[in-house]
Each structure stands twice: as structure tokens, then as C-alpha cells.
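Numbers restart at 1 for each chain; the letters A, B, ... are given by sequence-line order, proteins then strands. What you see is a predicted model; the values in this text were computed from it and never measured.
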Protein chains: 2
Amino acid sequence: MLNSSEKVNLSHIVSERIKEYILEKDMREGDKLPSEKQLIDALGVSRTVVREALKSMEMLGIVKIKTGDGIYVGGPSLKPILEQVSFRWHQDERKMTELVKTRRILELGAVEMAIENYDVACLDRMDEWNRRMAEKVDQGLPPIEEDLAFHETLFRATGNETYLELSGLISDFFLKIRTQHFDSVESSRKSVDEHQNVIDAIRAKDVARAKREMEIHLAPLQKFI
Amino acid sequence: MLNSSEKVNLSHIVSERIKEYILEKDMREGDKLPSEKQLIDALGVSRTVVREALKSMEMLGIVKIKTGDGIYVGGPSLKPILEQVSFRWHQDERKMTELVKTRRILELGAVEMAIENYDVACLDRMDEWNRRMAEKVDQGLPPIEEDLAFHETLFRATGNETYLELSGLISDFFLKIRTQHFDSVESSRKSVDEHQNVIDAIRAKDVARAKREMEIHLAPLQKFI
DNA sequence: GCTTCGCCGTTGGTCAGACCACTATAAACA
DNA sequence: TGTTTATAGTGGTCTGACCAACGGCGAAGC
């Protein structure tokens, strides 16, 4: 890896070394890494290099730096990374269309996985969020958080954290957009019913029907774009 | 953004500023950013901070630093990031399972989108990659790059860049695993046939059949875990 | 006139040392 | 025993210096 014929920075080499270290020691989330000083001595490089390597790794979520305390191994979460990258997505109109289509695939996949996993607690929570959503609608308020929470809980019901993170990123993106145009009361009420249909179908473990209901629910979004 | 009541690093603030700058100026890949010196003067922080921010962004692929030249806006590719993060995924048995299941959803979604989009050029390229894959297999070599290229081209055939990136994030990871255990010649040959079946089904615009063929193709992976 | 070569300014890469801010820990205290 | 305080260690930021790579420009050569 650190062979010649490679004109890379020291920072890159150092971050590779630290990653190797994590693997060799089989460290997990929360484990404490050597301090900056120790890394400097062990690797024989300047503090600048070690710090730049660590800062990069921190932004990737690989490590977590705590001031005055030390450096810890971070979780395997995708979120910090995707957040860093998605900041440019709204540049493109086209990107929006793509996001809608991508979301469709993810939501349909989610109902399938949710049925396979069948987490009763999550299904109950989906009921709860839908109930609260109905309340908000009755009060004439836009049920944005509730709607989002419903879908997030669905992704959580898959029991697949990777999938949850991946989907969460896409869904979060829609929240920002929806804050501007609140849907009408009628369409919100319709959404509540559609949510209920999805839940019912999942409870019945009917994959085809659940997908159909979700498809119906998402159809207006497709047209909107 | 840089209000008080937020105990974040200067580096974070600076990298946010630079991202804002990219958005405000509507900069695209390859555009040149201000030099370190200019950023230092404009933001009123030390070189250390600016450099740490830039280094982090470089590792995320947001910018590309060229020694002796300057700083450029990077592409929207998720690849560089994936490499930085996925190095620990295989530690987790569960993460592996999640990845396999997630990939299944994404691949099935891809064939559906590919049929909807129907990009002949991409389909031809899938044929081409599959042909090269067959050649490699005949030579007794592991057709890793070709296999990966085939699937990537499938994702590209969706005409959906977002989906391509999202999927690339997941499926690239499987390459590294496969580099270790090369599949047997028989299983590779089987893969080639399965790929062909997928292509045929897409060309026939038969969504159900294409999904079925893809499901068959991915089945061994599910069991492997 | 055109090309080639080499100088030099700019830019990023690395280093060393200093000082500040924060945290955990342990010693001193009530 | 429980609280407060002192302290040592850690990361955060700054400065100034030197090195290495690149680009541009002018001089030399064709």
C-alpha cells in the first residue's frame, strides 16, 4: 500500500496506517485510540500530518475526536458521509426526478423487507404515527414530521440498519422540500388512509398488496415532478 | 450557521463555508477554488484550520487538491468515500447480511428502471462486458472487474445518476470481498449465463422475468452469508 | 517566427514550537 | 462521605519557516 511509485500525501499514508491499526487490534465503536502525541512518536511524522489525517477520518465518521479527552473509534454509520456529499444535490432539477424514482424503489423494497422481518413493535409505532398524523390533519395543520416519522419507522421495521440509513438520507431530502408546499387537507387525509392500507397489508404479510398500496401512496409524488 | 451555542471546530465551520461558496457560485466539477492564502485572508483563520478543512473535503472527494497548482471542485462521485469507510464493514457479520439484502433491492429496482429507461447503448455495453467476462473465465482468470462493470452498467442503464451513485456505494464493496475468494470457474460461467438472461429479459422489456433472472443470479450471494 | 529550455513566483506539503481551551482524574477540603 | 479544587493530559488554533511541485514567462536556440 505504501509502496513507491505512488505520489500520495503523508496524511493519506497516516490515515491508512491508522485504519490498519484499527483492523489489526480489532477495535470497535467507542474504543480509544492512541493520543495525537503517541501517534506522532509512533509514526515519526509531524503533528500537522497526524491532525489532518485524523480530521479527515473524523469527517468520515471513522473516528470521533473528543477535545481534552482523546480519540475514539466511530460507528459504521453512513450518515455523516452522505450528509457531506448530498449538499449539492438540489443543484439539478433532474436530480429531483431521480430522487423521486429512487425513493419509490426504496419504499417498495422496505415493505417487502418489513414483512420478512415482521417487527410488531415497529408496526405498532407506525400505527401510532399515523394516528397522530390524522390528529394533525383534523386540526388543519400540515403533518410533516408525522409523515416523515411514519416512513422512517417503516424503514426501521426492515431491521436493516444499512437500508435505514440509505433510505433515511433520501427521505430527509424530501422533508426540506415539503416544508414549503404543505399539502392540502384532503390530500393529507388521503395519505393517512393510504398509510393505513400499507400497514394492514404488511400485517397481513401480503407482499404484493403492500407494494400495491405503497405504489398508490407514492403515485402523486411522481406526477408532482 | 456560525452562531454561538454550537461548540464545533473552526475546521467544520470553514468546510461549511467552502461548501456554501461552491453552491453560491454554482461551481461544477473542475472549477478552481481560491488558493489557501486567499481562503485564509477571506475567512480570517489560520492556515492550519483551512488546511484541515480542505484535507477533510479532499478525502470526501468534494475537492481535489493539486500540489503547486491549486484547489479544484471534485466530482459528485461517492466512490472515494466508500473506500474510506467500507474498510471495516466486514468486521460485522450483521452488516454483511444487511448489505446483501440491500443490494438485492437495489439490483431488482435497477432492472425495473432500466426497462423503463431503455438505453440501448448501455444494454450493448452490458453485452460487451459480459462477453469479456466470458473470455476471462475461459482463460481461467477471475473476472472481477468485468463482473463489477456489468452491474455498474446496469445501474447506469437506469438513466438515474442518483441511483447509480447510491448503488455504487453498496455494490463496490462486494468487489473487495470477492478479490479474496475467487469463485470457481463453474460458478463464474454460471454467472455469465445468468447475466445474459437478465439482459435478454430487459431487452424483451419483461419486468417480471428480468427480476426473476436477477433474483436467481443473486441467490448464491444470499446463502454465502 | 516557432520551439525549447530554464528560471522564478505561486501553491500546496511538512515541520517545529508555542499558547489556549477543554476534560478527566485525583488530591484537598468541608 | 461528598464536594470542590488543582493538575496533568488532551485536542484546538496560531505562527513562521522551509521544502517540493507546478505553471507561466522570458531568453536562448532552431
Residues that B:L141 engages under side-chain contact (heavy atoms from CB on, under 4.5 Å), provided they are two or more places apart: B:K136, B:Q139
Nucleotide nearest B:K55 when distance is taken to its side chain, options C:dC15, C:dG13, D:dC14: C:dG13
Whole-Å distance separating the CD1 atom of A:I40 from the P atom of C:dC15: 10 Å
N or O in side chain of B:S11 less than 4.0 angstrom from D:dT13 OP1/OP2: yes
Residues in side-chain contact (heavy atoms from CB on, under 4.5 Å) contact with A:L164, at least two apart in sequence or another chain: A:E152, A:F155, A:R156
Value in whole Å for how far the C1' atom of C:dC19 lies from CG of B:L10: 15 Å
Nucleotide C:dC22, atom P - distance to NZ of A:K64 in whole Å: 17 Å
Interatomic distance, A:N9 CG vs C:dC15 P [rounded to whole Å]: 11 Å
Results of ring pair (Phe, Tyr, Trp, His ring centres under 6.0 Å) for B:H217 - residues two or more places apart only: B:H151, B:H195
Protein proximity profile, nucleotides 3-11 of chain D - base contact B, sugar-phosphate-only contact S, no contact -, cut-off 4.0 Å on heavy atoms: ------BBB
Listed partners of B:S11 passing side-chain hydrogen bond (donor to acceptor under 3.5 Å, both in side chains), at least two apart: B:E52
Test item: A:D119 side-chain N/O and A:A157 main-chain N/O as donor-acceptor pair under 3.5 Å: no
Pairing residues for A:R104 by the side-chain contact (heavy atoms from CB on, under 4.5 Å) criterion, not counting sequence neighbours: A:L108, A:E215, A:L218, A:Q222, B:E112
